[in-house]
Each structure stands twice: as C-alpha cells, then as structure tokens.
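Remarks on the structure that follows.
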2 protein chains.
Amino acid sequence: MDEPAPQKGTVTQRAIERIKAMIREGRLEPGQRLPTERDLAAQLGISRSSMREAIRALTVLGVLEARHGSGIYVTQLEAGDLLETFGVVADLSRGQRLVELLELRRILESTATALAAARITPDQLAEVEKHLAAMNATDDPEQILAHDLAFHREIAAAAGNDTMAAILEGLSSRTFRARVWRGYQEEGAFERTRREHAAIHRALVAHDPEAARAAAAAHVGEVEEWLRTQLP
Amino acid sequence: MDEPAPQKGTVTQRAIERIKAMIREGRLEPGQRLPTERDLAAQLGISRSSMREAIRALTVLGVLEARHGSGIYVTQLEAGDLLETFGVVADLSRGQRLVELLELRRILESTATALAAARITPDQLAEVEKHLAAMNATDDPEQILAHDLAFHREIAAAAGNDTMAAILEGLSSRTFRARVWRGYQEEGAFERTRREHAAIHRALVAHDPEAARAAAAAHVGEVEEWLRTQLP
DNA sequence: AAGCCATAGTGGTCCGACCACTCCGGTCGT
DNA sequence: ACGACCGGAGTGGTCGGACCACTATGGCTT
C-alpha cells in the first residue's frame, strides 16, 4: 500500500506549499480569514510549532498577515504586499550588485516615466509638482530625500503598472538611497539633481514620452556612473 | 533607568532584524556559519522556538540556509539566492497582474537582449544556438518549453546583469509560463514563436542591439497582447 | 593506511503550558 | 431604552523541554 505521505522536504516546507496551493487554486481568497493555527496544524497533521514557522514564512513574504488576538488573514495579494521583500535585496546588496540595481532602476524608471508622460492626469501632475516645489523649498536633507522619493513614487504610480511601481519602491527604499546618495550628494549634486527633476517635469507637462524617458534615464544614470567610480 | 529592551514588534521580528543587521554590517559574511539555534536564542534572550521562526523566515528569503545536522549558514547573497521569492509573486498572481508581469518582462527582456547582442561571446552564442536547435527539433511541448526557457536564460546571462537575469528567471518560472502559455500555444503559435526566436538569433549574430531589442519586445509583446484579450 | 563505526553535536519536530491581545456579549448604571 | 463598562472565550505570541533525524568527527578495527 502506498503511504499517504511521500514526505519530501521538511514538514514546514510542505505546509508552506500547501497553503500557497490553496491560494493559487482559489480556495483561499484575498482578505479571507484562515482557520486557527491549532486547527491548521491538525488539518495537515503537523505540530503547531511547525505550522507557526510556515505561517511566519508566508507572513514575511507578504502573503499572509497575522493579527494578534484576531486571526490569520490572506493579504490583498497586491503588488505592494508581495514585493515588499524586494527591499531586503536592496538593503543587503553591496559592491557590484548596487550598480546592477541602479542599472535596473534606470531601465524601469525611464520606462515608467515615459508611460507617465503619456498617461498622467492633471490631478496626478499637481501631486508631482507639490513634491517638486517642496523639494526645492528646503535645505534639510531629510526633507529633500522624502520629497524626492515621493516625487518619483507619484510618477511611477501614474505609469499605471502597480507591479513596476512596487519594484521601484523597493529600489528606492530609504535605507538603500541613504547608503548610495549620502556620498553622491555630498559632492554638491543638489543643483544638478534639481535641473534633472525640472527636465523630467517639463517632459511630463508636455506629455512627451521620449523626452521623459531620456530625462529619467539621465537622472538615474548620473548616480549610476558616480557609483561605478566608487568601486574598486 | 532605561530598560535594555524598548520592545517594538514581536520578538521574532526583532530577531530577524538583528540578523539582517549583522549581515548588513559585515559581521556575518556570505557562506559563514552561524552559531547554533540554541546559542543564537540565548544571545538574543529569546526562546529557541522564536529564533527558529526568525531563521525560517530568513531561509525562505534566501538569506540563510539551514543544513540538517550541520548548522546554519549565510548564503552567497547572490541575486539568484535573494530573488528566488520573486517566483512566488508570479505564481500567486492572476488576472490583471499577469499582464503587468508580462509588461515588466517585455521591458526587461528587450533590454537584456539588446545588451546581450552587444556583449555576447562566441561560446555563449553557441549555447544559445544549441537550445534554439533543440527547440526546433522536437514536438514534445515539455521539451520545447524547457529549451525555450534555457534559450532566454542564456541570453539574459550574456547581458551581464545577474540581478536582471534573476528577475527574468522568476518571471519565466515553469509554473508561470505553463499557466500563461498553455492557452497561447494551443492557438498554433508555435510557428510564430519559431520565427520570432529566429529574429532574435539573427540580431545576436549581427551584434545589433536595436534589432535585438525590437525582436525581443515583439516576442513578449505577442503573448502580452494575447493575454489582454483573455481577460474580462 | 584505509575503511568502518560509535558518538557528540546540530537542525527538525512535537508537546504542553502560559501570556497578551482582540472581540463580543451581557451587565450595570443612567 | 440606551450606552459604557467589563468579563470571558478565543486567538496569536512566547516559552521550556523532550525527543528524533541527520551530519561530522575522531578513534578503532582490519
């Protein structure tokens, strides 16, 4: 007789796959509440400890969300939820991979900015301009960084591809930018950054995708080139 | 007196951050072996159960690797290790997000193919041609899919950006492609796919980046357009 | 010298207990 | 009748200990 459990890998790994399969097959909908840890463990015939490890793993992946005292829920499974872990890559990368990440950002940011130039609405454009103005109105590096992030975030949102926006978000996480830009901006790059942002803005106003693509690529490319010179 | 533990979030979450910080600060090098679960738990003053959840979380993120009976090790922290979770996004996505993922792949694949056209070496080109020939020499859909994947994988590798290659790998995972392409190829798209692959190959041989970019974008775009028509 | 094997050490699993928090329904006061 | 309060039941979070499965090492046998 064939045993009911072929048993490959750890029980926790199997539990992770089981839950992912349930979601993939639609047996668990976004936002839905799961059975309790105790019940889930009993259903899969494993201990609560192992089930907790599986749940924790899916939690850090942005698939599940545990609410203390309430229950475990499936997230909305939106791009932002699932790609939050992308920031981990950016945070743990050093040396050559930082250049690769900036190259990736240059490709995506230029495309997103081009798409935004074609699609952006007056309301979205106003939001972009708000952060552009705030960025130019202060000398506090913290404020500048915050509005700089928001500036590009609004543009990415206007591009209409949530997945791309979520990845760009990860590639622009505070810790990532702080590490790379700290040195860059110390070299008096504020003025250049300001001009580049103005160029991007002009392209958006003109609804000129090609100009927007070029401006965004040049903007990120400047940092990318600088970073290359900083490597051994 | 200020207590030694401000205590924000769960102890497991704090343990995860602590370990990530150790890696970020270089106190843990790639490939290095960590203390035992028991020792780590004692160092951070938490139970072994909680520490195990933290380790499991970092394991699924591709940061750590647990070897039964041997110990816990930091991975090489290469793009492939850290971006393996990207496949989860592709696997759990449905509907509109599948289109967004294909749009993302079109952007990255076209850029990677353009870069490859400029940089590819004779050896790499021979590898690409091997899979191209194998793909055209069989009727087994499984074989075709496998060589199709390898064809694009070799091109992405020749582009020289491991991060981009790792993401493309996630966007082309077997389950993802199987889900999308099942219907697509049923519509007699084999011949069209064959011609598109030939066009990409010609551009690589000619070391013509612009032609390569266009051919790759058209190749992925075909599937993308088909998928759009399949949505409600 | 080569191979084998007992053993210590490690991660993997399970159990049971208790704590912290959320939620809901009943109770009390107004 | 209404609202604020409060208690308990249920849930995830944490802990400690026990045992199992596997690996690696060093001494022992051949």
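Worth saying up front: this structure is predicted, and the values here are computed from it rather than measured. Naming: A, B, ... by sequence-line order, numbering from 1 per chain.
Ile46(B) comes within 4.0 angstrom of sugar-phosphate atoms only, judged by non-hydrogen atoms across all strands, and of no base.
Of the charged side-chain nitrogens involved, none lies within less than 4.0 Å of a carboxylate oxygen, so that Glu100(A) and Arg97(A) do not count as a salt-bridged pair.
Side-chain N/O atoms of Arg38(A) and base N/O atoms of dG12(D) include a donor-acceptor pair closer than 3.5 Å.
Within the structure, a side-chain polar atom (N or O) of Arg56(A) is placed less than 4.0 Å from OP1 or OP2 of dT14(D). The phosphate of dT22(C) has neither OP1 nor OP2 within less than 4.0 Å of any side-chain N or O from Ser70(A). For Arg33(B), no side-chain nitrogen or oxygen approaches OP1 or OP2 of dT23(D) to under 4.0 Å. Dashed line: the shortest gap from a side-chain N or O of Ser50(B) to OP1 or OP2 of dC15(D) is under 4.0 Å. Under 4.0 angstrom from either OP1 or OP2 of dG13(D) there lies at least one side-chain N or O belonging to Arg52(A). Taking only side-chain nitrogens and oxygens, Thr12(B) never comes nearer than 4.0 Å to OP1 or OP2 of dG13(D). Checking the phosphate oxygens (OP1, OP2) of dG13(D), no side-chain nitrogen or oxygen of Ser49(B) falls inside 4.0 Å.
Between the side chains of Gln13(B) and Thr10(B), not a single donor N or O lies within less than 3.5 Å of an accepting N or O.
Here the P atom of nucleotide dA18(D) and the CZ atom of Arg48(B) are 13 Å apart, to the nearest Å. The nearest whole Å value for the distance from the CZ atom in Arg67(B) to the C1' atom in dT10(C) is 13 Å. Note: NE2 (His68(A)) to P (dT11(D)) measures 13 Å, nearest angstrom. Computed from coordinates, the Glu37(A) CD to dC19(C) C1' distance equals 14 Å when rounded to whole Å. Rounded to a whole Å, the CD1 atom of Ile55(B) is 15 Å from the C1' atom of dT13(C). One atom, CD1 of Ile72(B), and another, C1' of dT23(D), lie 14 Å apart when rounded to the nearest Å. Counting to the nearest Å, the C1' atom of dG13(D) and the CD atom of Glu53(B) are 8 Å from each other. Look at CG on Leu34(B): it is 13 Å from C1' on dT10(C), rounded to the nearest Å.
Applying the 6.0 Å contact sphere to CZ of Arg228(B) captures more than 12 heavy atoms from other residues, nucleotides or ligands.
Each of Tyr73(A) and Pro35(B) lies near DNA chain C, and the nucleotide nearest Pro35(B) is the one positioned closer to the 5' end.
For His219(B) and His152(B), the gap between ring centers is short of 6.0 Å.
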Between His131(B) and His197(B), is a ring-ring contact (aromatic ring centres under 6.0 Å, His included) present by the stated rule, with each step listed? CA-CA 11 Å; His131(B) 292 294; His197(B) 280 169; over 10 Å; no
